[in-house]
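Structure record follows, encoded as structure tokens.
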Amino acid sequence: MVAVEGRICPGCGTRAKAKWEFCPRCGESLANAAEAPRGAAAAAAAPDTMGADDDDDAGGSWKGFAGAVALLAVAIVAFVTLRHPGPPPDAGIFAVTNETPPATPPARTASKKGSEAFNRGLGLLTDGNVAAALPLLAEAAQEDSQNALYRHTYGRALWLANERDAALLELAAATSLSPDSPVYWTALARAQKDMGRNSDALRSFEQATSLFPDSVDILKDYGTLLARLDDRQRAASILKQVADKRPADAELQQEMASALETAGDGANAAILYRRVVDTVPDAAIARSRLADLLVKQNHPTEAVAVLKEGIDGSNDNLLYRSLGSVLEQTGSIAEAVEAYRQYVARAGDSADAKAIAQRAAALERQLAARS
């Protein structure tokens, strides 16, 4: 049996590493690519991209550029995503998940020296060896300082090395050299957001969304930043756009509903929570939040019905607690006590069970005092 060490790209015939999902030369998906044998057979099967010096692909071909960007996105999305400044750095800020941005104009033609350094550095960065990749990517960026891809990639490596101020300069340089790239603007916006430079981040997100208006991923980040900054009207508009782009995605609907609540748009949040429970009837959190909003909108009967429907379908403990709260708010004290008791009986080891039991006892004393 011949050992396997990679895959053959169906688009250009390039040999790529087995763990890669996209061809680094043409950007073609490798999901269904044929396996590449190890050793002498590999040389006959296909060219090896990682050792090739192809100046045209390094800077002059838009396919080469798109492939390199796709490869970096795949390599980095596997890192843990954080949303606050501080180590470890957030590699996930660079990924536009499950989306294909518009083709970016090709980077400037690279020199042979810059291309060699970049290809070696990119390989190391893809393998997670940031420390070894940094000097090579720095060399490429210095050798070909007008190459947007090189500056962008060097900036990402600096970010992963937790050199954030330097990373920001390189990411910004890439947007100046290639201002029509939504990928570059998004990376810059997310870095600025993580560093607390919110005004700059908003401007960068505006550029990114104008270039890639159909991106759910970018719009979501833009809208949540607006909500965080209390720009409620614009936040609500954008978050609703995000939800409407994928109405069957229950997880996205719940995330956007929560963000809309934060932005003060309870009416649209309720619409999205309704979508969630219609799609996933046992989604207890969405059902509880919907009921709470219905009470605030003066629809208590509907709120109770929403929770009882969920209890009949899933019997989730959370729904008993939520039902008790709604019934208490609407003055149905005896029923509220019963719901609270049910919750404590089912979730006695939960953190709030003692407080809920005490609340039920207090309500019982109120009932006794009235009789």
Side-chain angles (χ1 to χ4, degrees), residues 16-17 20-27 49-50 52-55 57-79 89-96 101 103-192 204 208:
K17 291 187 178 180
W20 291 353
E21 296 182 29
F22 294 92
C23 173
R25 175 158 294 181
C26 71
T49 59
M50 296 315 294
D53 292 324
D54 190 334
D55 293 335
D57 276 341
S61 164
W62 74 266
K63 281 190 174 182
F65 172 80
V69 171
L71 177 61
L72 280 170
V74 170
I76 292 178
V77 75
F79 285 80
D90 178 3
I93 67 170
F94 299 117
V96 180
T104 301
R108 292 175 182 264
T109 302
S111 66
K112 189 172 189 297
K113 182 179 178 181
S115 175
E116 289 175 348
F118 177 77
N119 287 333
R120 289 169 59 204
L122 176 59
L124 290 165
L125 185 64
T126 301
D127 288 338
N129 192 344
V130 178
L134 266 176
L136 290 166
L137 294 173
E139 180 183 346
Q142 291 165 5
E143 184 71 22
D144 298 306
S145 61
Q146 299 302 301
N147 187 304
L149 175 60
Y150 290 6
R151 302 293 295 274
H152 174 75
T153 307
Y154 180 40
R156 294 165 78 148
L158 286 165
W159 183 269
L160 294 174
N162 217 13
E163 298 182 30
R164 298 190 169 202
D165 290 329
L168 212 59
L169 291 174
E170 294 300 315
L171 295 172
T175 63
S176 297
L177 293 167
S178 186
D180 295 328
S181 168
V183 173
Y184 294 169
W185 281 110
T186 301
L188 177 61
R190 288 172 173 168
Q192 290 166 332
S204 297

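Looking at Asp144, Leu149, Asn147, Leu136 one by one, the single match for side-chain contact (heavy atoms from CB on, under 4.5 Å) with Phe118 turns out to be Leu149.
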- Item | From CA spacing to verdict: side chain to side chain contact (heavy atoms under 4.5 Å, CB included), Leu134, Leu125 | CA-CA 8 Å; Leu134 266 176; Leu125 185 64; over 6 Å; no
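Under the 4.5 Å side-chain criterion, counting only non-hydrogen atoms from C-beta, Trp185 is not in contact with Ser178.
Listed here is the closest heavy atom pair of Thr186 and Ala208: OG1-CB, 3.4 Å. When every heavy atom of Ala140 is checked against every heavy atom of Gly114, the shortest pair comes out as CB-O, 3.5 Å. Heavy-atom minimum distance, Ala148 versus Tyr184: CB-CE1, 3.7 Å. In terms of heavy atoms, Leu188 sits closest to Ser204 at CD2-OG, 3.7 Å. Across every non-hydrogen atom of His152 and Ala187, the tightest pair is CE1-CB, 3.6 Å.
Salt-bridge formation is not detected for the pair Glu116/Arg120: no Lys NZ or Arg NE/NH1/NH2 atom is positioned less than 4.0 Å from an Asp or Glu carboxylate oxygen.
Atom-to-atom distance recorded for Tyr154:OH and Leu171:CG is 11.5 Å, nearest 0.5 angstrom. How far CD of Glu139 is from NZ of Lys113: 5.0 Å, rounded to the nearest 0.5 Å. Remark: Asn119 CG to Leu137 CG distance equals 10.0 Å, nearest 0.5 Å.
Using modelled atom types, no side-chain atom of Arg151 and backbone atom of Gln146 make a donor-acceptor pair closer than 3.5 Å. At distances below 3.5 Å, not a single donor-acceptor pair connects side-chain atoms of Asn129 with backbone N or O atoms of Leu124. Without hydrogens or angle criteria, Thr175 side chain to Ala172 main chain gives a donor-acceptor distance under 3.5 Å.
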